[in-house]
Amino acid sequence: MKNYLLALLLVSFTTVCLSQDITYGVRGALNISNLDFEPDADFDNEHRNGFAFGGFVDFGFSENTSLMLELQWSAEGGKAEELRADYIHLPILLRFSLSDRIILGFGPKIGLKTWKANDLFSTAAFSGVAGLEYMITDEFFVDARLSYGLTNVIDQDLKTLEAKNNVIQFGFGMKL
């Protein structure tokens, strides 16, 4: 019986994979980021304005549901030079169409630091992300995303301080 269920699951998964509508595109965004310190920082912790850019692949499961994988470079951290960190992120967004033009998405985001080798940041970061997208035309869109860090981005050697990345992105993109 278990073999039949496994075979049915594999056939169902294969059918969904073969019937996907796949779209590709590019996206750029303005970042407003900051670090949320625990305990609270005893220094001036101002937000950093930066940018992000990358490409995406959107796998359509149905008319209203899709899974989008994006690879993006993003400037994050705080305003002070020693609080800046740049990342290569992989957001994985489960997306739902609320109407013909509005799409809601949420999911995890995995990041690898691309900044200096010996700074106070750890190599990897994990965040949760949620966003809202508005399709201007069939190809062009604008969006807003909120990303909240779930892991400590400060190197583990600094046991007295913990920080999480918080990022708001305002983006513009094009489906190819």
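Counting from 1, the numbers follow the sequence of the chain as shown.
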Practice item. Working to the nearest 0.5 Å, report the span between OG of Ser33 and CD1 of Ile168. Key: 9.5 Å

Exercise for review: Check for a donor-acceptor pair, side chain of Ser127 on one end and backbone N or O of Ser147 on the other, with a separation under 3.5 Å.
Suggested key: no

Practice item. Mind checking the CE-OG1 spacing from Met68 to Thr23? Nearest 0.5 Å is all I need. Key: 9.0 Å

Review point. What pairs with Leu30 under side chain to side chain contact (heavy atoms under 4.5 Å, CB included), at least two apart in sequence or on another chain?
Key: none

Point to revise | Exercise: do Thr114 and Asp86 side chains pair donor with acceptor under 3.5 Å | key: no

Review point. Just wondering, do Tyr148 and Leu146 contact through their side chains at under 4.5 Å, heavy atoms?
Key: no

Check your understanding: Should Met174 and Val142 be regarded as members of a common hydrophobic cluster, given that ILVMFWY residues are connected when their side-chain heavy atoms come within less than 4.5 Å of each other, either directly or indirectly?
Key -> yes

Check your understanding: Taking all atoms of both residues into account, what is the closest heavy-atom pair of His47 and Asn34, and its distance?
Key -> N-ND2, 3.7 Å

Exercise for review: Could you grab the distance from atom CG of Leu67 to atom CZ of Phe59, nearest 0.5 Å is fine?
Suggested key: 7.5 Å

Study note, to complete from the structure: Those residues at least two apart in sequence (or on a different chain) that pass side chain to side chain contact (heavy atoms under 4.5 Å, CB included) with Leu104 are Leu98, Leu132

Check your understanding: Can you name the side chain to side chain contact (heavy atoms under 4.5 Å, CB included) partners of Ser74, sequence neighbours left out?
Key -> Asn31, Ala52, Gln72, Glu76, His89, Gln169

Review point. In Å, rounded to the nearest 0.5 Å, how long is the span from NZ of Lys164 to OG1 of Thr151?
Key: 8.0 Å

Point to revise | Linked, directly or transitively: Phe106 and Val167 (ILVMFWY side chains, under 4.5 Å) | key: no

Review point. Just one of Ile102, Thr65, Ile103 clears the side chain to side chain contact (heavy atoms under 4.5 Å, CB included) bar with Phe96, so which one?
Key: Thr65

Check your understanding: Which heavy atom of Ala75 sits nearest a heavy atom of Gly50, and at what distance?
Key -> CB-CA, 4.2 Å

Practice item. Treating Ile, Leu, Val, Met, Phe, Trp and Tyr as nodes and any side-chain heavy-atom pair under 4.5 angstrom as an edge, say whether Phe170 and Phe51 lie in one connected cluster. Key: no

Review point. Taking side chain as C-beta onward, heavy atoms only, is Ile22 less than 4.5 Å from Asp58?
Key: no

Study note, to complete from the structure: Value for CD (Glu133) from CZ (Phe141), rounded to nearest 0.5 Å, stands at 5.0 Å

Review point. So do the side chains of Phe140 and Met135 get within less than 4.5 Å of each other, counting heavy atoms only?
Key: no

Revision key, fill the gap. Heavy-atom closest pair (Glu70 atom, Pro91 atom, distance to 0.1 Å) is O-CD, 2.9 Å

Check your understanding: Side-chain contact, heavy-atom cut-off 4.5 Å: Val153 with Phe126?
Key -> no

Exercise for review: Group every Ile, Leu, Val, Met, Phe, Trp and Tyr by side-chain heavy-atom contacts under 4.5 Å, then state whether Val129 and Leu94 land in the same group.
Suggested key: no

Review point. Any side-chain heavy atom of Asn166 sitting closer than 4.5 Å to one from Leu35?
Key: no

Point to revise | Centroid separation Trp73 to Tyr87 less than 6.0 Å | key: no

Review point. Quick one: does Asp143's side chain have a donor or acceptor within less than 3.5 Å of a partner on Gly171's backbone?
Key: yes

Point to revise | same_hphob_cluster(Phe172, Tyr134) at 4.5 Å side-chain heavy-atom cutoff | key: yes

Review point. Could you state the interatomic distance from CG (Asn152) to CG (Asn165), rounded to the nearest 0.5 Å?
Key: 10.0 Å

